[in-house]
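Worksheet: the structure to be examined is printed underneath.
Keep in mind that this is a model prediction, so the values were computed, not measured. Hydrogens, waters and symmetry mates are skipped; everything else that's a heavy atom, side chains included, is used.
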Amino acid sequence: MKKIRLVISLILISNLLSAQSESDITQFDKALNQFLNVRDFCISKDGKEAFFTVQSPNQEISQLAYIKKNKTGWSQPELLPFCDSYMYLEPFLSFDNNRLFFVSNRPLNDSINEKKGFDIWYVERGNNNEVWSKPKNVGKPINSELDEFYPTVSKNGNIYFTMVSPDGFGKDDIYYCELKGDKYLNPVLLDENINSAGYEFNAFISENEDFIIYSKYNEKDGQGSGDLYISKKDTNGNWKKAINLGIPVNTKYMEYCPFYDEQNQILYFTSKRNNIYPRNFETISDFKKYINESNNGLSKIYKISLKIK
């Protein structure tokens, strides 16, 4: 039975990543190489705005940045205006592009100076020509005394996120809250086809909630670190057993923070892949260019064409 399941899994993976190699995976934009660590990427439906997290080498500092596409390419990155000395990470745009979810340890109001645990927040705007509102805490029942991470939202407003809870299956688990009217219902832990006694985190939910892509850490069928997995729903609306996306997406290094552009069928993700090798350098500029622009083991945003059937 195990052999049959393995064959089925390999067939599914080959359908997803047929005839693709490492060369099909490219960095999103080399302009981001000016940052040491870049992660948590999302792009607008029209492809004209992208949001991501920039961090210090050891992640003590974490800020949200954005770029806009113009006639000559992507603009220079800018920080989102509400960022301050607290931690900001993991942006996700709503389906209409006018609500930006993110995670922060900022205090609940401006009269408090002490940071709190990580909560899910959002800012709003009327359209992409307007400025973002001040940050608003999503509140209960999504946020709690625990840490909540990596919000991802379906077309109907249901929100999926990572939480470390004593009531979960393991270390990090994936939950979702259904949106009823203008209120969220209590968090629901996704079943054992998604979660396990290990680490499950950084989930991307599809627009119609028919598939989910997320990271699992150090699994037996993995490549040796964090790997991206996919699960689809069956005809009864239940999640099928998650399948490793395999090579070339996954490597022995860390792959995480997936975002899937359904319109253009492109998978974006963060990776710490490393393929630099010793060579001769003519100048210091040559050295710096090679180190900075290569897949150098630091967090970078990558992309690959991926048809999900």
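Atom CZ of F287 sits in a sparse spot, with 12 or fewer heavy atoms from other residues, nucleotides or ligands closer than 6.0 Å. Within a 6.0 Å radius of CD in E282, no more than 12 heavy atoms belonging to other residues, nucleotides or ligands are found.
Summarising the geometry, atom SG belonging to C257 is positioned 4.0 Å from atom CG belonging to N202; distances are rounded to the nearest 0.5 Å. Here the SG-CZ distance, from C83 to R106, works out to 9.0 Å after rounding to the nearest 0.5 Å. Here NZ of K240 is found 10.5 Å from CD1 of I230. Values are rounded to the nearest 0.5 Å. Note: N250 CG to S215 OG = 8.0 Å, rounded to the nearest 0.5 Å.
Across S206 and D210, no two heavy atoms sit closer than the pair OG-OD1, 2.6 Å. For the residue pair F101 and V153, the shortest heavy atom distance occurs at CE1-CG2, 3.6 Å. The nearest pair of heavy atoms linking E293 to K30 is OE1-NZ, 4.0 Å. Closest of all the heavy-atom pairs between T152 and A203 is CG2-O, 2.8 Å. Heavy atoms only, all atoms of each residue included: T53 and S62 are closest at CG2-OG, 3.2 Å. Closest heavy-atom contact between E49 and I43: O-CG1, 3.2 Å.
A donor and an acceptor atom, one from each side chain of Y229 and N244, are located under 3.5 Å apart. With no hydrogens or angles considered, a side-chain donor-acceptor pair links N143 and N137 at under 3.5 Å. Side-chain contact annotation: N156 with E209, donor-acceptor N/O pair under 3.5 Å present. The closest side-chain donor-acceptor pair between K300 and N33 falls under 3.5 angstrom. A donor-acceptor contact closer than 3.5 angstrom is absent between the side chains of S196 and E192. No side-chain donor from either of Q223 and T251 sits under 3.5 Å from a side-chain acceptor of the other. In the model, D172 has no side-chain atom that pairs as donor or acceptor with a side-chain atom of Y214 under 3.5 Å. S21 and S23 share a side-chain donor-acceptor pair at under 3.5 Å. Counting only N and O atoms by type, the side chains of S133 and E124 include no donor and acceptor under 3.5 Å apart. Side chain to side chain, Y175 and E148 fail the donor-acceptor criterion of an N or O pair below 3.5 Å. No donor-acceptor contact under 3.5 angstrom links the side chains of N128 and N97, judged on distance only.
You'll find the side chain of D147 stays beyond 4.5 Å of the side chain of V164, heavy atoms only. Side chains of F51 and L93 form a contact here, defined as non-hydrogen atoms less than 4.5 Å apart. A 4.5 Å side-chain heavy-atom check between V123 and L80 finds every atom pair outside the cut-off. Using a 4.5 Å heavy-atom threshold, the side chains of I213 and L267 count as touching. Between Q263 and K45, the closest side-chain pair of non-hydrogen atoms falls below 4.5 Å. Counting only heavy atoms from C-beta outward, the side chains of L189 and N195 approach each other to under 4.5 Å. Residues V103 and P151 meet the side-chain proximity criterion, which asks for heavy atoms closer than 4.5 Å.
Checked for salt-bridge contact, R273 and E22 meet the test: a charged N lies under 4.0 Å from a carboxylate O.
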Just do the side-chain hydrogen bond (donor to acceptor under 3.5 Å, both in side chains) check on S75 and Y66 with the steps written out, would you? CA-CA 9 Å; S75 66; Y66 70 97; over 6 Å; no
Starting from the C-alpha separation in whole Å, work towards a yes-or-no answer on side-chain hydrogen bond (donor to acceptor under 3.5 Å, both in side chains) for N296 and S294. CA-CA 5 Å; N296 58 12; S294 297; over 6 Å; no
Given the rule in the side-chain contact (heavy atoms from CB on, under 4.5 Å) test, do F35 and Q55 qualify, once you have shown the distances and angles that lead to the verdict? CA-CA 8 Å; F35 303 107; Q55 295 182 321; over 6 Å; no
Report the C-alpha separation of T162 and D173 in whole Å, then their side-chain angles, then the decisive distance to 0.1 Å, and conclude whether the side-chain contact (heavy atoms from CB on, under 4.5 Å) test is met. CA-CA 6 Å; T162 305; D173 287 307; over 6 Å; no
For salt bridge (Lys or Arg N to Asp or Glu O under 4.0 Å), just list the numbers for K171 and E200, CA-CA rounded to whole Å, side-chain angles, deciding distance to a tenth of an Å, and then say yes or no. CA-CA 8 Å; K171 314 298 183 184; E200 287 79 30; over 6 Å; no
Start with the C-alpha gap between N70 and T72, add the side-chain angles, then the distance that decides, and say whether side-chain hydrogen bond (donor to acceptor under 3.5 Å, both in side chains) holds. CA-CA 6 Å; N70 51 44; T72 59; 2.9 Å; yes
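Cation-pi contact between R99 and Y122: present, with separation from the ring centre below 6.0 Å and deviation from the ring axis of at most 45°. At least one cation-pi condition fails for K303 and Y268: the charged atom is not both under 6.0 angstrom from the six-membered ring centre and inside a 45 degree cone around its axis.
Below 30°, between 30° and 60°, or above 60°: for F102 and F82 the angle between ring planes is below 30°, a parallel geometry. Using the six-membered ring where Trp is involved, F118 and F149 have ring planes that are tilted, between 30° and 60° apart. The aromatic rings of Y260 and F204 stand perpendicular to each other, their planes meeting at an angle above 60°, with 30° marking the opposite boundary.
The hydrophobic cluster containing Y160 does not contain V138, counting ILVMFWY residues as joined when their side-chain heavy atoms lie under 4.5 angstrom apart, directly or transitively. Under the 4.5 Å side-chain contact rule for hydrophobic residues, L89 and V54 share a cluster. Y176 and Y150 are assigned to two separate hydrophobic clusters, defined by single-linkage of ILVMFWY side chains at heavy-atom distances under 4.5 Å. Residue I159 is grouped with residue F259 when hydrophobic side chains (ILVMFWY) are merged at heavy-atom distances under 4.5 angstrom, including chains of intermediate members. When hydrophobic clusters are built by joining Ile, Leu, Val, Met, Phe, Trp and Tyr residues whose side-chain heavy atoms come closer than 4.5 Å, directly or via intermediates, L32 is not grouped with M254.
Each of F52, Y302, W74 was evaluated against F28; a single residue qualifies, W74, per the side chain to side chain contact (heavy atoms under 4.5 Å, CB included) test.
Centroid-to-centroid, the aromatic rings of F281 and Y290 come within less than 6.0 Å.
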